[in-house]
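Read the structure below first, then the notes.
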Amino acid sequence: MESTFIHVCLKTDGAPTEDGHEVGERWVCSCGDHFVYREGFNRGGYPEVAWWPAPAIPQPRSSGIRLFGPRKG
């Protein structure tokens, strides 16, 4: 089934335009969603370079707290 989801943040004033961006550039909107400017396939099946949803980049913890203690043995 084809998704009809439209992300509103790409239509706001603060959203980046389609011009002047390098492939691989990332953008995080104010609601917390992540986007990357890359090549993908549009609904017609043709390749296009546009802003596509992307997972967040994991950040290492600065506090050093671990779920498990150090290895023993």
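For reference, positions follow the sequence shown, starting with 1. These values consider heavy atoms only, across backbone and side chains, with no hydrogens, waters or symmetry-generated copies.
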Listed by chain and number, what are the side chain to side chain contact (heavy atoms under 4.5 Å, CB included) partners of Arg26, not counting sequence neighbours? His34, Val36, Ala54, Ile57
Taking side chain to side chain contact (heavy atoms under 4.5 Å, CB included) as the definition, give me every residue that meets it alongside Val49, ordered by chain and number, with sequence neighbours left out.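 Per chain and number, Val49 pairs via side chain to side chain contact (heavy atoms under 4.5 Å, CB included) with Val23, Tyr37, Glu39.
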Set of side chain to side chain donor-acceptor pair (under 3.5 Å) partners for Glu25, sequence neighbours left out: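 Side chain to side chain donor-acceptor pair (under 3.5 Å) check on Glu25 returns His21.
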In terms of heavy-atom contacts, Cys29 and Trp27 come closest through CB-CH2, 3.3 Å
